[in-house]
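Whatever order the structure lists ligands and atoms in, that order sets their numbers, starting from 1. Just so it is clear, the model here is predicted, and its values are computed rather than measured.
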Amino acid sequence: MSTTPVHAFVPSDEIRARFSSAMSEMYRKEVPQYGTLIDLVADINERTLQADPAMRVQMQRAGELARLGVERHGAIRVGTAAELSMLRRLFAVMGMEPVGYYDLSVAGVPVHSTAFRPVADAALLANPFRVFTSLLRLDLIADEALRAQAAAILARRGIFTERALALIAQAEAAGGLDDAEADEFVREALETFRWHSESTVDAATYEALHKAHRLIADVVCFKGPHINHLTPRTLDIDAAQSAMPVRGMDAKDVVEGPPRRACPILLRQTSFKALKETVRFAGDAAGGGSHTARFGEIEQRGVALTRKGRALYDQLLAQVRDMGSAGSAAPDYASRLAQAFEAFPDTHEQLRREDLAFYRFALSEAGAALAGGEAAAAAASDLDALVSRGLVHAEPIIYEDFLPVSAAGIFQSNLGGEEQKKYAANAAQQAFEADLGARVHDEIALYEQARQHSIDQLRGALRAQAIRTAA
Ligand code: OOG
Ligand code: NI
């Protein structure tokens, strides 16, 4: 007996899709090389799919082909707990929740981070837009006076428009936004992520903060947390990496993450170096300053790893570091990486049977055709057996998150060698969550749920088939 609502709410998936597309359009105008990168990735993806029809079929079946062309992640850095917790509320309007905790202080970057992203299977398929969000850790600035000055500057700014704040509160109170409100929300929210070429501080303040850490200057000296990159997903990152210089992009030396494999795992990333942009500092009429923060990145995503798989990945990566000089920039890094990862199984069959990676299970045509006692028996039998008999497909669950070591490599390629300051390993997840105003999801638990959900559905379907076709 429901009555027709006066305002129909726009689904949060749809608001997220509109926002992601608006962000992409904005960034294309702000950083023209981003447009070149998008075109390059689209070309390579098309060529890769043409050369590998099996990949096309698999991605089609998994529902991933449709999202590939719009799939992006962005990154921002904020300065205060209030900014971080309001961002959490802003992203919630678009169905994005904080997933994972990343401590980057180990890598010499004075921030800790989470990724806002959709978590439900259907929402990920609709549009997996993610934003890697870092909070500056002023407590890691050694100079007390500078720390106080940075805090005071941050306390003065408001990074959200009045209207964005009102629409967030309204969406929370009413449970959603109607069509016109959703468009307005997207426009207003975008203002927070825009580039501002006018600094809020004078050149001397900028220099002092920059000297403490370039990233501190980036977070503290501007009106808002400009989006610093927007990353498309490629199906062949090695091809993209070698095509970047051809199109005039200053690519970083190596691809971060695991080596090239038959079965891609986790995440591989590369970037082009940050651009030098002109800035006008307060009290400087001439406007001759500059700031280097924004860059371009591409990534290739593979299957998500279980805790066991992730432990093996971390162990092999540590081994690569122990085998030679530190850092992915070392000349023999690629060969050390390939050598160490020979110990990581590279067929989906092995990855699944050894419980190293996550798969989603679905009935094949043969499985869906089972009837009566056969369906009932299948409903109760072992999954590996069903896969071997061709009754069930195992689809890789794509890794939707980030890798702190890679993130550190990306940060550093944009900071320059001299910026690799040392901070003690300093994970502070509880403090981060207190600032955020919420717990972050454990990403591995989300993949476990996705796998379990597919198994429950499959067994339920087989039981229903058995009942429907019982003699
Ligand atoms: C974020 C760097 C991390 C990724 O893809 O790992 C990142 C930043 O530079 O703010 O985006
Ligand atoms: Ni990134």
Side-chain angles (χ1 to χ4, degrees), residues 20 23-24 27 31 33-34 37-38 41 71-79 83-84 87 91 96 98-117 128-137 159 192-193 195 213-222 224-234 237 240-241 244 251-252 254-258 266-275 277 291-302 313 317 328 398-416 419-421 432 443:
S20 165
M23 180 88 102
S24 190
Y27 204 57
V31 180
Q33 283 202 60
Y34 165 73
L37 201 62
I38 293 290
V41 165
E71 185 163 347
R72 306 274 186 276
H73 87 251
I76 54 170
R77 306 149 182 174
V78 294
E83 291 174 355
L84 181 67
L87 274 175
F91 285 128
M96 295 159 77
V99 179
Y101 171 76
Y102 304 88
D103 168 27
L104 294 172
S105 64
V106 263
V109 184
V111 302
H112 47 182
S113 320
T114 190
F116 290 96
R117 68 164 176 87
F129 184 58
R130 325 164 175 89
V131 179
F132 192 91
T133 302
S134 300
L135 175 65
L136 181 62
R137 297 181 67 179
I159 64 170
T192 297
F193 301 90
W195 170 250
H213 199 296
R214 180 140 125 200
L215 208 102
I216 298 172
D218 183 56
V219 176
V220 175
C221 302
F222 295 87
H226 37 257
I227 181 98
N228 68 54
H229 64 281
L230 203 56
T231 301
R233 175 173 163 201
T234 175
I237 199 162
Q241 169 85 348
M244 272 160 70
K252 107 187 237 318
V254 295
V255 174
E256 298 286 343
L266 297 174
L267 174 66
R268 300 180 70 209
Q269 298 181 311
T270 183
S271 58
F272 66 71
K273 303 239 171 80
L275 312 168
E277 298 176 278
H291 179 64
T292 310
R294 303 193 302 163
F295 59 98
E297 183 190 51
I298 50 178
E299 64 190 7
Q300 180 172 355
R301 290 185 172 268
Y313 173 80
L317 216 54
S328 53
I398 290 298
Y399 189 60
E400 305 286 352
D401 295 288
F402 296 87
L403 297 171
V405 175
S406 301
I410 298 277
F411 266 111
Q412 271 158 8
S413 79
N414 291 294
L415 293 171
E419 284 290 346
Q420 299 185 16
K421 305 259 152 90
F432 182 83
E443 66 276 17

Would you mind running through ligand 1 and noting each atom that sits below 4.0 Å from a heavy atom of E297?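 Those of ligand 1 that fall under 4.0 Å from E297 are 4 (C), 5 (O).
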Any chance you could measure Y102, atom OH, to D401, atom CG, to the nearest 0.5 Å? 4.5 Å
Cationic N near anionic O, under 4.0 Å, R294 to E277: yes
Minimum-distance N/O/S atom that E297 presents toward the Ni ion (ligand 2): OE1
Minimum heavy-atom distance S113-L104, with the two atoms named: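 Shortest heavy-atom separation between S113 and L104 comes out as OG-CD1, 3.7 Å.
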Measure from atom 4 (C) of ligand 1 to every heavy atom in E299, E256, Q269 and give the option owning the shortest one.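 Shortest heavy-atom distance from atom 4 (C) of ligand 1: Q269.
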Is there a salt bridge (charged side-chain N to carboxylate O under 4.0 Å, His left out) between R130 and E71? Walk through the geometry before answering. CA-CA 9 Å; R130 325 164 175 89; E71 185 163 347; 3.0 Å; yes
Pairwise distance NE2(H73) to NE2(H229) - rounded to 0.5 angstrom: 3.5 Å
Near F402 (heavy-atom distance under 4.0 Å), the atoms of ligand 1 are 4 (C), 5 (O), 6 (O)
Looking only at distance, does R77 have an N or O less than 3.5 Å from an N or O of ligand 1?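 The answer is yes, given that R77 and ligand 1 share an N or O pair closer than 3.5 Å.
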Is any N or O atom of N228, backbone or side chain, closer than 3.5 Å to an N or O atom of ligand 1?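 Yes, at least one N or O pair falls under 3.5 Å.
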Can you name the N/O/S atom of H229 that is nearest the Ni ion (ligand 2)? NE2
I'd like to check V109 versus R77 (side-chain heavy atoms, cut-off strictly below 4.5 Å). Are they in contact? no
